[in-house]
Amino acid sequence: MTTPQTISSIHAAFDKKLLSPVELTQDYLRAAKASAHNAYLTICEERAIGQAKEADRILAKEGRVPRGTYPLLGIPLGIKDVLTIDGVRTTCGSRILENYVPPYTATAVERLESAGAVSLGKLNMDEFAMGSSNENSAFGPVLHPTHPDRVPGGSSGGSATAVKAGLCVAALGTDTGGSVRLPAHYCGIVGMKPTYGRVSRYGLVAFASSLDQVGPMTASVEDAARLLDVMSGGDPKDSTSSPNAKENYLQALGRKPDWKKIRIGIPKEYFVGGLAPDVEKTIQNALKWFESQGATLTEVSLPHTSYAVAVYYIVAVSEASSNLARFDGVRFGVRLEKAQNSENLVEFYKHVRSLFGPEVKRRIILGTFALSSGYYDAYYRRACQVRRLIKNDFDEAFRKVDVIVSPVSPTTAFKRGEKINDPLKMYLEDIFTIPVNLAGLPALSLPCGEGDQGLPVGLHMIGPQFGDAEILSLAHAFERRS
Amino acid sequence: MVNNEFMQTLEDENLTRKIAALSRLELTDGEISLFTTQLKEIFQYIELLKKVDVQGVEPLTHPLDLATPFREDEVHVFPPAKDGKPKVLGSAPDVLYEGFKVPSIL
C-alpha cells in the first residue's frame with residue numbers, strides 16, 4: 001500500500017484532498033481481509049465505513065482536518081480484543097467469550113472514536129492476555145510480520161503485527177507484565193505502557209487489576225503521543241484512574257531535550273548473563289548515541305530485579321484467579337449443552353469453565369493456590385512485600401537519574417513452538433518488563449536496530465511515575481537521529 | 001516397596017485436584033499430571049522469594065496511593081437495545097422475562 005502511514009501525513013493528504021477517510025478505511029479493510037497473519041479476530045466493516053463517512057462529512061464541512069476538535073479524524077485503528085466496543089464481539093482470545101457482544105464501549109476506545117478515529121476491528125491476542133508469544137489464542141497464533149517462523153510476541157501480538165504489516169495505522173494493546181512492549185520489541189514498532197492510572201481501565205477485561213494498563217502501539221513515537229493525548233486522563237468510571245492533570249504529550253515532543261542535564265540510568269542487573277549478544281550490542285550502540293548528544297550515562301542498581309518474575313507470578317495469577325471467577329456462564333459467554341444439562345451448580349460451572357485454554361487454567365490454579373488458606377502469608381503477602389522492595393529500588397534509582405534504559409527482553413523474537421511447553425522459560429522472557437508493571441511506571445519499547453537475522457531490537461525506556469512525557473520526548477529525539 | 005517419589009507425586013496430584021475443584025475447573029488426568037509437574041517447577045522457582053529479608057516491609061498491593069473517590073448517588077439510565085429490552089441481556093446464554101435464566105440446581 002502506498003498510502004501514508006503516520007497520522008500527520010494522513011491528515012496532510014486529507015487536507016490536500018489526495019485521499020478521503022472512506023478511501024483510506026477501505027484500503028485498510030481490504031488489507032486486513034487479505035492478510036494471512038491472523039491478526040484480526042473480528043473486522044467491523046460496516047461500523048468502520050460508517051465512522052469514515054462521518055469523517056468525510058466533517059472534512060467536507062470544515063475544508064481541512066479540524067485538528068483541535070478531531071485530532072484523529074479518519075485514522076483507522078485496530079483494537080486489541082480485550083477492550084470492549086458496544087455491539088462488537090469481544091472474545092479476549094477465548095472460547096469462553098466466543099459469542100460475547102458487550103453492551104458498552106471501553107473509555108480508551110470511546111475517547112479515540114470521539115476524536116474521529118475509525119475502529120477497523122478487534123485484534124488477536126493470547127487468551128485473556130496471558131502469554132508472551134501469542135500462541136495461547138484459542139483462535140490460532142498470530143504470525144510475525146516479517147519473519148514467519150518467529151512469534152510476534154504477546155500478549156498484544158495481533159496489535160504489533162497489524163501495525164507493522166500495515167493492517168491499521170495504529171493499535172491499542174494492553175500491558176500487564178510486558179504485553180505491549182514485548183511484541184513491539186519483537187516486531188519493530190513503538191509500544192508504550194503509560195504510568196498505571198494514566199488511561200482508564202473501564203471496558204478493559206481485567207487480567208490483573210493492579211498491573212493492567214492500556215497503551216498505544218504505533219509506527220512512530222509521535223503517533224503514540226497523539227493517541228495518548230486523546231485517551232489519557234481520569235475517568236469517573238475507573239476509580240483507579242489517576243486524577244492527576246494530563247500532560248500534553250505532543251507538545252512535549254516539540255521540546256528539544258537539554259542533553260547536558262539528562263541523566264540516563266543503566267541498571268547493572270539487566271546487563272548480566274542470559275542477555276543475547278546481538279541484543280546487547282544493539283542496545284550499547286543506542287546508548288552511545290545518547291552519550292554523544294551530551295547525556296550522562298550512570299550505572300544504577302535495582303537489586304531486587306531477580307525476584308520480579310517470582311513476585312509477578314504470584315501477584316498476577318492471584319488477581320487473575322479472582323478476576324476470572326466472573327466467567328461462570330450465567331450472564332454472558334458460551335454455555336455448552338452439557339452445562340445446560342448439569343445436575344447442579346458445581347457441575348454447571350465446571351462445564352462452562354472447561355472452555356478456558358491450558359495457560360488460563362494453569363494460572364487460575366496457581367492463583368487459587370497462592371490465595372488459599374494456609375498459603376496466603378507464605379506466597380501472596382510475601383510477594384507483595386518484595387513488590388514494595390522492587391518499587392523502592394526504582395524510587396531510589398530515580399533520585400539519581402531521569403530515565404532508565406535497558407533491553408526489553410533478553411532475546412529477539414524466538415521461534416514458534418520453541419517455548420510453548422515450558423511455561424517457566426516463557427515467563428522469563430518478561431524479566432525486564434515485569435518490574436515496571438509491579439512499580440506502576442511508564443515505559444516504552446522503541447525500535448533501535450536489528451539483531452541477528454535482521455530481527456528487530458527494541459530499546460526499553462523507563463520513567464518515574466507520571467514521567468510519560470519525558471520518556472516520549474527522549475524517544476522522539478532518538479527516533480529522529482540521523 | 002512403594003518409592004517415596006511416587007507417593008509424593010500422588011500427594012501433589014491430589015493437591016492439584018483439590019485446587020482445581022476450588023477453582024471450579026475440571027481437569028483431565030492428563031492435565032492433572034502435566035499441571036502438577038509444571039506447577040511444582042513454578043513453585044520451586046517462586047521459593048526464591050524466601051531468600052529476601054522482608055522483616056517489617058509493608059506489602060504493596062497497588063502501585064498508586066489513591067483515595068477512594070465518591071460520587072453522587074444518582075441513577076444513570078443505561079440505554080436499552082434496539083428491541084427495547086435491556087442491552088445487558090443481549091449476550092445472555094438464556095433469558096427468562098428480563099432476567100438471566102440458569103438451569104435448575106436443586
Side-chain angles (χ1 to χ4, degrees), chain A residues 99-103 196-197 210 236 239-240 242-243 304 306-307 309-311 313-314 321 328-335 339-342 344-346 348-351 353-354 356 358 361-362 364-366 368-369 372 379 381-389 391 423-424 438-440 465, chain B residues 15-16 18-28 31 34-36 38-39 41-64 66-71 78-82 86-94 100-106:
Chain A
N99 61 1
Y100 174 54
V101 179
Y196 182 91
S210 80
S239 61
T240 62
S242 167
H304 295 90
S306 58
Y307 304 109
V309 173
V311 170
Y313 277 93
I314 293 294
S321 71
D328 57 9
V330 171
R331 293 146 300 152
F332 47 74
V334 175
R335 190 185 290 176
Q340 189 67 24
N341 299 329
S342 300
N344 59 55
L345 202 56
V346 171
F348 175 80
Y349 289 148
K350 279 185 179 172
H351 290 315
R353 290 161 68 84
S354 69
F356 284 134
K361 285 182 185 167
R362 199 156 35 233
I364 290 175
I365 289 174
L366 264 170
T368 306
F369 178 73
S372 62
Y379 291 108
R381 189 181 149 84
R382 176 170 280 265
C384 289
Q385 288 174 305
V386 183
R387 183 178 184 182
R388 164 90 55 195
L389 296 175
K391 183 172 180 292
L424 190 55
L438 292 172
Q465 280 190 356
Chain B
L15 182 60
T16 308
K18 188 183 153 200
I19 301 291
L22 287 174
S23 318
R24 303 284 183 256
L25 291 173
E26 191 167 43
L27 302 183
T28 62
E31 280 177 319
L34 177 69
F35 281 11
T36 303
Q38 291 176 333
L39 295 175
E41 210 181 294
I42 294 166
F43 272 100
Q44 263 159 20
Y45 177 74
I46 286 166
E47 290 297 301
L48 192 71
L49 295 182
K50 295 214 168 120
K51 286 198 209 158
V52 188
D53 180 9
V54 292
Q55 191 73 39
V57 177
E58 188 62 25
L60 179 75
T61 54
H62 198 273
L64 299 184
L66 289 173
T68 305
F70 288 92
R71 60 175 175 234
F78 204 82
K82 280 184 194 140
K87 245 184 186 177
V88 73
L89 292 177
S91 269
D94 206 358
F100 300 102
K101 190 180 170 193
V102 289
S104 163
I105 51 158
L106 291 175

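On a predicted model such as this, the values are computed, not experimentally measured, just so you know. In what follows, every chain begins at residue 1, and chains take the letters A, B, ... in the order their sequences are listed.
Heavy atoms from other residues, nucleotides or ligands lying under 6.0 Å from CZ of F78(B) number more than 12.
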key: Step-by-step side chain to side chain contact (heavy atoms under 4.5 Å, CB included) determination, T240(A) to L66(B)   = CA-CA 7 Å; T240(A) 62; L66(B) 289 173; 4.3 Å; yes
inquiry  = Between V54(B) and R382(A), is the side chain to side chain contact (heavy atoms under 4.5 Å, CB included) condition met? List the steps.
reply    = CA-CA 7 Å; V54(B) 292; R382(A) 176 170 280 265; 3.8 Å; yes
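Chain B forms more heavy-atom pairs under 4.5 Å with one residue of S210(A), G440(A), P103(A), P423(A) than with any other, namely P103(A). Most heavy-atom pairs under 4.5 Å with chain B: of the set Q340(A), K391(A), R388(A), this distinction falls to R388(A). Most heavy-atom pairs under 4.5 Å with chain A, from the set D94(B), L22(B), T16(B), D53(B): that is D94(B). With chain A as partner, the option from V52(B), T68(B), L39(B) having the largest number of non-hydrogen pairs under 4.5 angstrom is V52(B). Taking chain B as the reference chain and counting heavy-atom pairs below 4.5 Å, the highest number among L438(A), L389(A), D328(A) is found for L389(A). The choice from P243(A), P358(A), P102(A), A339(A) that makes the most heavy-atom pairs within less than 4.5 Å of chain B is P358(A).
Counting all heavy atoms, side chain and backbone alike, L64(B) lies closest to S242(A) at CD1-CB, 4.4 Å. In plain terms, the two heavy atoms of P59(B) and R381(A) that are nearest each other are CG-NH1, 3.6 Å. Between R335(A) and P103(B), the shortest heavy-atom contact is NH1-CD, 4.1 Å. Of all non-hydrogen atoms in R24(B) and R353(A), the two that sit nearest each other are O-NE, 3.3 Å. Pairing each heavy atom of K361(A) with each of F35(B), the nearest pair is CB-CE2, 3.8 Å. Residues P63(B) and R387(A) approach most closely at CD-NH2, 3.5 Å, considering heavy atoms.
Only the side chain of F348(A) comes within contact range of chain B, with heavy atoms under 4.5 Å apart. Neither the backbone nor the side chain of L89(B) comes within contact range of chain A; no heavy atom of the residue lies under 4.5 Å from a heavy atom of that chain. With a 4.5 angstrom heavy-atom cutoff, V334(A) does not touch chain B via any of its atoms. Looking at E58(B), the atoms closer than 4.5 Å to chain A (heavy atoms on both sides) sit in the backbone and in the side chain alike. Proximity to chain A (any heavy atom under 4.5 Å) is restricted, for K101(B), to the backbone atoms N, CA, C and O.
A donor-acceptor pair under 3.5 Å is formed between the side chain of Q385(A) and the backbone N or O of V57(B). A donor-acceptor contact shorter than 3.5 Å links the side chain of S91(B) to the backbone of V101(A).
In this structure, CD1 in I19(B) is found 10.0 Å from OG in S321(A), a value given to the nearest 0.5 Å. Distance check, rounded to the nearest 0.5 Å: CD of E31(B) to CZ of R362(A) gives 9.5 Å. Taking CD1 of I364(A) as the reference point, atom CG of L25(B) lies at 5.0 Å (rounded to 0.5 Å). Note that NZ of K51(B) and OH of Y307(A) are 5.5 Å apart. Values are rounded to the nearest 0.5 Å.
Looking at L27(B) and I365(A), their side chains come closer than 4.5 Å, going by heavy atoms from C-beta outward.
For F369(A), the ring pair (Phe, Tyr, Trp, His ring centres under 6.0 Å) test picks out Y375(A), Y379(A), F43(B), with sequence neighbours left out.
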